[in-house]
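Report on the structure given below.
Atoms within each ligand, like the ligands themselves, are counted from 1 in listed order. By convention here, the first residue in the shown sequence is residue 1. Model, not experiment: these values are computed from the prediction.
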Amino acid sequence: MSTPIPLVDLRREYARIRSEIDESVARVLRQGWFVLGEETEAFEEAWAVYCGTSHAIGVGNGSDAIQLTLWAAGIGPGDEVILPALTSAFTALAVAIAGAQPVFVDVDPERTTLDPEAFAAGITPRTAAVVPVHLYGCPAKMAPILEIAQRHGLLVLEDASQAHGARYEGSQVGSLGKVAAFSFYPSTNLGAYGDAGAVTTDDSALAEKLRALRHGGQHPAVVPASPGATWAETLGTSSRMDDIQAAILGTKLRHLSAWNKRRRSVASRYQAGLRSTGSLALPPTPEDAELAPHRYLVRASLRDKMREYLAGAGIDSGMHSIRGVAFGEAYASLGYKPGSCPNAERIAAQAVLLPVFPQISSAEVDKIVRLIRIFLAIH
Ligand SMILES: Cc1ncc(COP(=O)(O)O)c(C=O)c1O
């Protein structure tokens with residue numbers, strides 16, 4: 001059998017940047033400071049510059065970035081937070097753990113991101129925030145979302161975990177709303193080699209609160225001084241960025257633009273090869289955005305059969321939970337019934353996620369295209 005093609009291959013990435021990564025990890029080991037040290041500060045500064053915001057606050061993971069932001073903004077029990085029904089389960093989980101009620105609304109059938117009209121229709125007197133998710137590297141349609149949110153006085157918290165480096169109307173994701181959350185989970189476009197996350201914002205007061213909340217509620221000025229002095233100034237949690245991850249992220253950030261360019265070229269290659277099949281729905285190519293493709297989402301009516309066929313040829317693919325996040329047992333009390341978010345449900349049921357990692361070869365993409373075309377011809 002020929003060499004398998006994984007959905008993501010971080011071994012190939014490491015092989016290409018090994019000396020830079022090894023040096024950055026060794027630097028941290030030599031410095032002997034492992035949490036919220038110089039490397040975290042340097043990465044926070046670099047990430048804020050990259051995103052075009054005044055602040056970036058490093059935290060333990062992307063879920064905490066969302067949860068702590070809601071906490072810092074005073075959003076919790078009694079509040080509703082609107083989010084798209086098609087997203088990572090962790091977006092919703094973070095809202096629920098913050099104590100707010102997730103309100104799932106439908107997505108745009110083409111773009112697959114939060115539908116502005118569904119968002120507007122989901123607003124109630126208890127709505128406090130909206131979390132547009134830039135899914136699979138495609139920015140949500142932010143202009144109408146921002147306009148509606150402003151009219152209703154709602155916080156706009158972007159979940160940019162799947163779209164590092166994507167742009168909407170010329171601006172970087174992460175700088176579009178009041179505040180944004182990023183995961184640096186290893187398989188994301190800018191992935192750590194472990195868990196990490198960040199919040200970006202121009203709001204200095206919010207940034208200061210987040211810096212305290214991530215470190216037990218201590219005022220940032222005392223980090224890394226002895227904790228005894230200011231413990232429990234406010235309640236907080238333990239969700240700090242670690243310096244080895246910060247050093248790795250800083251190193252990988254230098255490659256992000258080139259890697260995203262390669263991701264776009266992989267996506268174009270899929271697009272060119274699959275466009276004429278007619279029976280697959282392909283990802284959006286909106287004119288208002290520069291994508292940072294994270295996975296290549298095709299929609300196939302015979303999803304499971306197609307995934308099995310690809311797996312038989314050693315090709316790994318991803319999928320969504322069959323009915324989407326809103327229908328998980330954890331949210332049974334919210335009472336979503338099949339048909340509540342029809343676009344999201346249809347996309348979730350048909351989605352096949354194909355690899356677009358930067359080190360995938362053009363020959364591998366061509367092989368995947370060829371196999372899909374054969375599959376469609378015989379089914
Ligand atoms: C859209 C989205 N939001 C949030 C998360 C949560 O990030 P983490 O796994 O770092 O907590 C992820 C990744 O898992 C994600 O893809």
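- Among all protein heavy atoms, the one lying closest to atom 14 (O) of ligand 1 is Phe90 CD1, 3.8 Å.
- Not counting sequence neighbours, Trp71 has no partner by the ring-ring contact (aromatic ring centres under 6.0 Å, His included) test.
- The nearest heavy-atom contact from the protein to atom 10 (O) of ligand 1 is Ser183 OG, 2.6 Å.
- Remark: Asp9 engages Arg12 in a salt bridge, criterion side-chain N to carboxylate O under 4.0 Å.
- Shown here are the ring-ring contact (aromatic ring centres under 6.0 Å, His included) partners of Tyr136, two or more places apart in sequence or in another chain: His320.
- Here Ser161 has side-chain heavy atoms under 4.0 Å from ligand 1, and that is the only part of it that gets that close.
- Ionic pairing of Lys141 and Glu287 is not present here: no N-O contact between side-chain nitrogen and carboxylate oxygen is shorter than 4.0 angstrom.
- Salt bridge status for Asp366 with Arg269: present, with a side-chain N to carboxylate O gap under 4.0 Å.
- Those atoms of ligand 1 with a heavy atom of Thr91 less than 4.0 angstrom away are 1 (C), 2 (C), 3 (N).
- For the pair Asp106 (side chain) and Asn343 (backbone), a donor-acceptor distance under 3.5 Å is present.
- With respect to Arg240 and Asp64, no salt bridge is recorded, no charged nitrogen being found less than 4.0 Å from a carboxylate O.
- The single protein non-hydrogen atom nearest to atom 12 (C) of ligand 1 is Ser88 OG, 3.7 Å, given as residue, atom name and distance.
- Among the atoms of Thr87, none of the N or O lies under 3.5 angstrom from an N or O of ligand 1.
- Distances between N or O atoms of Gly62 and those of ligand 1 include at least one value under 3.5 Å.
- Nearest protein heavy-atom neighbour of atom 11 (O) of ligand 1: Ser63 OG, 2.6 Å.
- Each of the following atoms of ligand 1 lies closer than 4.0 Å to a heavy atom of Asn61: 10 (O), 11 (O).
- Residue contacts with ligand 1 include Asp159, since one or more of its heavy atoms lies under 4.0 Å from the ligand.
- Ligand 1 places these atoms under 4.0 Å from at least one heavy atom of Gln162: 1 (C), 16 (O).
- Under a 4.0 Å N-O distance rule, the pair Glu23/Arg18 does not qualify as a salt bridge.
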